[in-house]
Amino acid sequence: MIKARGLTKRFGDVVAVNDLSFDVEPGRVTGFLGPNGSGKTTTMSMIMGLDRPTSGSVTIFDQHYRDLRWPLREVGGLLEARAIHPGRSARSHLWSLAQYNDIAKSRVDEVLEIVGLSAVSRKRVGKFSLGMGQRLGIAAALLGDPAVVLLDEPVNGLDPEGIRWMRTLCKSLAGEGRTVFISSHMMAEMALTADQLVVIGQGRLIAEMPVADFVARSSTQSFRVRVASSESFPDAVQKAGGTALVEVDGTMTISGMDAQAIGDLALSLGVAVYELTALASLEDAFMELTGGSVEFGAAR
Amino acid sequence: MTAVSNAPVSFERELPSGRAGLRQALSAEWTKFWSVRSTPWSLFALIVATIGLGALSTNALHGQPFAFPDPTRRILVGFNLGQFAIGVLGVMFISAEYGTGQIRSTLSAMPRRPVVVAAKAIVMGGVSLVVGEILSFVTFFMGSAILAGTQSHVSIGDSGVMRVLVESGIYLALMGLIGLGLATILRNTAGSIATFAGLVLILTLLLSAMPASIINAVSRYLPANIGATVFAVSTPGRLQGTPVFSSQVGLVILALYALVLLCGGCILMIRRDT
Ligand SMILES: Nc1ncnc2c1ncn2[C@@H]1O[C@H](COP(=O)(O)OP(=O)(O)OP(=O)(O)O)[C@@H](O)[C@H]1O
Ligand SMILES: [Mg+2]
């Protein structure tokens, strides 16, 4: 259980995190969403006691990170940038962390096995690929078999198999009753992995709700629609209060209407419907919510 | 049939009693110290500097028709160079962690900064003390063997020699700790090494351009001059005309420098973001 209350971090003039309050409950995966520069990494760093809040506080089971008795056995964190000396082997790196918390040497081999790095455990970390480095970071997070797992952009650099593995891992960790908090840019991935969302923009809380509600809340739920003859359809959609974009291949992207209304409209026009697909709309919901608070967005 | 509970499973685990502390930190830092290449390289450089330079300069005395005053100092001349190798080792022990981001892993495993710094200081100080003592004795025995039978012959039983050998190792260890302390404050490898070199070399040069009254007041506090009193078999209160402390007082001053730097580094680590 993580509790942030009025968490604020200023770097000079930049307010990276602004009066942020949220809860991360055990037993489910909580996704942490926000555009680039919105303060996700800074928030994670404050949870782990690496950055000091300018004001406010964040606790883990009511304790500050610096007061944890066996930090790695209580919280496992994957930080965004690689936090590993490149000259050491993966095994030495994990072993030194294990020693810091009286964790058995056998656990080092276990986590290397879990993340699939056993074969390269004696190689210098500097020679690792992006994905291997990420896996080593995940191994470090799992080392103490912690009740709280914090992962900043865990799928960064992972291949599709790795992404799926990560998803399964997060769900099973949460299924064991652990607190799992992961940040990501990949909305679609979040929809598959997370149960709950904390969404921030420019350091402020935008939404804190179940993933399902987040998607439903989006007014721009849209559908890909293909009908027998599409000439008059867009006008009819317009009249019915929706908007239709006709693509070059003749399919339409319709928003502002639900699936039933689109089906009824087609029936009333006597047009056969060949396809009616809801588009992944977490991205839309996300864009809509954070639209006003994108810091480094492309000019529009 | 039993009802399926929807209540979330709660994750319960026993933690060991007590808390992670200095004992754990020492074993972890010991592992970290020996698992990077900069450690054997720096120690190799130290050995080359002390034994190698000692052999060369002692050999040059061989066959000279006069008795060289204080041959021990000549034998240990490489320690003046070796202190830079040990300084670099001390600097790198923590600056490399900042340079690579490793410090974030370290502080997530042990968030109490003073424990991390204390463990590093004990490992660094301990290793450099042992290595320094071994090197001072090995270098001396090698040098005195080279000089055996010459007019500059010297033996470990000669007055002051034992003191020089023991204190040379201590001097080296303290210089290593000063390097560590500087880097704890500055975090950056190049800046810390430059500052270390400045402290040993440039301060001495700068001071030599000052009026005699300032030289007389300040020079006894410089690490280089403290080193000079340590390496000399006897310095009756003066070194090349300027007043100096006894080597023991000098080493205490050096230890205070190291302590102040390390404590300052701790305080900064507690206050700063990582
Ligand atoms: N050490 C620092 N000094 C100054 N500004 C900083 C520092 N760290 C972060 N910032 C600023 O704080 C803001 C939040 O950055 P942060 O890295 O937390 O965002 P993020 O949500 O993790 O972004 P991304 O999705 O790109 O990883 C940014 O404007 C960033 O420039
Ligand atoms: Mg980030």
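B:Ser35 and A:Arg88 share a side-chain donor-acceptor pair at under 3.5 Å. Using modelled atom types and a 3.5 Å distance limit, the side chains of A:Ser96 and B:Thr31 yield no donor-acceptor pair. In the model, A:Asp152 has a side-chain atom that pairs as donor or acceptor with a side-chain atom of A:Thr41 under 3.5 Å. No donor-acceptor contact under 3.5 angstrom links the side chains of A:Glu74 and A:Tyr65, judged on distance only. Neither side chain, B:Thr139 nor B:Ser136, offers a donor N or O lying under 3.5 Å from an acceptor on the other.
If you measure heavy-atom distances from A:Arg124 to chain B, the contacts under 4.5 Å come from the side chain alone. Proximity to chain A (any heavy atom under 4.5 Å) is shown, for B:Val115, by neither the backbone nor the side chain. Contact annotation for A:Pro53: neither backbone nor side-chain heavy atoms come within less than 4.5 Å of a heavy atom of chain B. Proximity to chain B (any heavy atom under 4.5 Å) is restricted, for A:Ser45, to the side chain, taken from C-beta onward. Only the backbone of A:Asp67 comes within less than 4.5 Å of a heavy atom in chain B; its side chain stays farther off. The parts of B:Ile270 that come within reach of chain A are both its backbone and its side chain, each placing non-hydrogen atoms under 4.5 angstrom from that chain. A:Ala147 touches chain B through backbone and side chain together, each having a heavy atom under 4.5 Å away. Heavy atoms closer than 4.5 Å to chain B are found in the backbone of A:Leu68, but not in its side chain.
Top candidate by heavy-atom pairs under 4.5 Å with chain A, chosen from B:Arg23, B:Arg272, B:Glu97, B:Arg112, is B:Arg23. Interface check for chain B: of the options A:Trp95, A:Trp70, A:Phe11, the most heavy-atom pairs under 4.5 Å are formed by A:Trp70. Annotation: maximal heavy-atom pairing with chain A below 4.5 Å, among B:Ala119, B:Gly101, B:Ser108, occurs at B:Ser108.
Annotation for A:Glu113: atom CD does not count as buried by contact number, only 12 or fewer foreign heavy atoms lying within 6.0 Å. Counting heavy atoms of neighbouring residues, nucleotides and ligands inside a 6.0 Å radius, atom CZ of B:Arg13 exceeds 12 of them.
In this structure, B:Lys120 forms a cation-pi arrangement with B:Phe93, its terminal cationic atom sitting closer than 6.0 Å to the ring centre and no more than 45° off the ring axis.
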